[in-house]
Structures are given as structure tokens and as C-alpha cells.
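Right, one structure below, let's go through it.
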Amino acid sequence: MKDLIEVLNKIIELLYQEEVKTAYNFLIRCLPIMSGYISDMEDQDLQKEIMGSLEEAVTAMENNDYTLLADIMQYDLIEKLEQIGEE
């Protein structure tokens with residue numbers, strides 16, 4: 001989980017720097033890993049919360065709002081993913 005969060009932090013940094021293509025390349029590589037963690041979760045409520053955050057992230061991507069995407073990842077998604085490690 002720690003490695004995944006480090007990659008997400010790198011993606012966030014790239015998005016804030018408007019290096020969107022590089023950020024998306026990293027994101028594409030870490031999505032299967034994140035999916036594995038989420039699907040193995042026992043806490044169904046937390047799983048739903050994470051899926052909601054991911055839906056918001058997709059909407060931000062569709063709207064080309066990279067700052068919002070970075071904010072969702074930094075202040076919502078990472079916080080929830082850290083809770084998985086606490087299970």
C-alpha cells in the first residue's frame with residue numbers, strides 16, 4: 001500500500017505542475033494495483049466511499065479539471081486508501 005500511495009503522490013505532484021500526460025501514464029499503471037486492494041477489502045462501507053471518490057475523479061478527468069482531480073486524490077482518495085492498511 002505504501003508504494004501505491006507514493007505513486008499517487010507523484011501523480012498529484014505532476015497534475016499540479018500540469019504535466020497531465022506523464023501523470024496519466026503513471027495513473028494507468030497503478031489503477032490495476034489499486035483495484036486489487038479495493039476488491040480485497042472487507043469493509044464494504046469504505047469500499048463504497050473509495051468508489052465514490054473514484055467516480056468524482058473520473059468526472060474531473062472528463063471535465064479536464066486536473067486541479068480538482070489532484071485535490072480529490074490528495075484529500076480524499078489517499079486518506080481512504082490509508083484506512084485499508086489499518087484494517
Side-chain angles (χ1 to χ4, degrees):
M1 179 64 70
K2 182 180 176 183
D3 292 337
L4 173 62
I5 291 174
E6 286 178 17
V7 172
L8 291 175
N9 281 317
K10 178 65 176 173
I11 293 167
I12 292 164
E13 179 183 322
L14 290 166
L15 288 169
Y16 283 138
Q17 295 171 357
E18 298 183 12
E19 295 183 36
V20 178
K21 185 175 180 179
T22 304
Y24 278 10
N25 284 332
F26 277 105
L27 187 57
I28 288 167
R29 286 186 237 150
C30 77
L31 284 176
I33 298 165
M34 189 180 338
S35 176
Y37 281 117
I38 295 168
S39 64
D40 291 342
M41 292 179 61
E42 294 179 14
D43 186 338
Q44 298 299 313
D45 291 331
L46 182 57
Q47 187 179 46
K48 288 178 186 176
E49 288 178 26
I50 291 172
M51 295 305 293
S53 296
L54 290 173
E55 287 174 12
E56 290 177 21
V58 168
T59 300
M61 292 171 72
E62 290 172 344
N63 293 326
N64 296 320
D65 191 340
Y66 310 115
T67 301
L68 177 59
L69 175 58
D71 287 348
I72 291 168
M73 291 175 68
Q74 182 171 18
Y75 299 112
D76 196 27
L77 188 58
I78 287 179
E79 180 180 307
K80 288 179 174 75
L81 288 172
E82 288 174 337
Q83 291 178 34
I84 294 174
E86 297 171 2
E87 286 188 336

* Closest contact, heavy atoms only, Ile38 versus Met51 -> CG2-SD, 4.0 Å
* CG/Leu77 to CG/Leu54 distance, rounded to the nearest 0.5 angstrom? -> 5.0 Å
* Grab the two heavy atoms, one from Ile50 and one from Lys80, that are nearest each other, plus how far apart they are. => CG1-CB, 3.6 Å
* Near Gln17 CD, under 6.0 Å, is it more than 12 heavy atoms from other residues, nucleotides or ligands? -> yes
* To do: Test side chain to side chain donor-acceptor pair (under 3.5 Å) on Asp71 and Tyr66 and set out the steps.
  => CA-CA 9 Å; Asp71 287 348; Tyr66 310 115; over 6 Å; no
* Verify, without hydrogens or angle tests, whether Gln47 (side chain) and Glu42 (backbone) share a donor-acceptor contact under 3.5 angstrom. => no
* Start with the C-alpha distance between Cys30 and Asp3, add both sets of side-chain angles, then the distance that settles side-chain contact (heavy atoms from CB on, under 4.5 Å), and finish with yes or no. => CA-CA 10 Å; Cys30 77; Asp3 292 337; over 6 Å; no
* With rounding to the nearest 0.5 Å, note down the distance linking CE in Met73 to CD1 in Ile11. => 4.5 Å
* Could you go through the side-chain contact (heavy atoms from CB on, under 4.5 Å) check for Leu27 and Met61 one step at a time? => CA-CA 12 Å; Leu27 187 57; Met61 292 171 72; 4.2 Å; yes
* To do: Begin with the C-alpha distance, continue with both residues' side-chain angles, and end with the deciding distance and a verdict on side-chain contact (heavy atoms from CB on, under 4.5 Å) for Gln74 and Leu8.
  => CA-CA 8 Å; Gln74 182 171 18; Leu8 291 175; over 6 Å; no
* Structure fact -> Rounding to 0.5 Å, atoms CG (Leu4) and CD (Glu82) come to a distance of 10.5 Å
* Might you point out which heavy atoms bring Ser53 and Asp76 nearest each other, and give the distance in Å? => OG-OD2, 2.5 Å
* Which is it for Ile5 and Lys2 under the side-chain contact (heavy atoms from CB on, under 4.5 Å) test, yes or no, and what are the steps along the way? -> CA-CA 5 Å; Ile5 291 174; Lys2 182 180 176 183; 5.9 Å; no
* Asked: Under the 3.5 angstrom rule, does the side chain of Asn63 hit a backbone N or O of Asp65 as a donor-acceptor pair?
  -> no
* Minimum heavy-atom distance between Ile12 and Ala70, given as atom pair plus value -> CG1-O, 3.9 Å
* Taking all non-hydrogen atoms of both residues into account, name the closest pair between Tyr37 and Met1 and its distance. => OH-N, 2.7 Å
* Asked: With hydrophobic residues grouped by side-chain heavy-atom distances under 4.5 Å, do Tyr75 and Leu81 end up in a single group?
  -> yes
* Asked: Checking Ser39 side chain against Ser35 main chain: does a donor-acceptor pair fall under 3.5 Å?
  -> yes
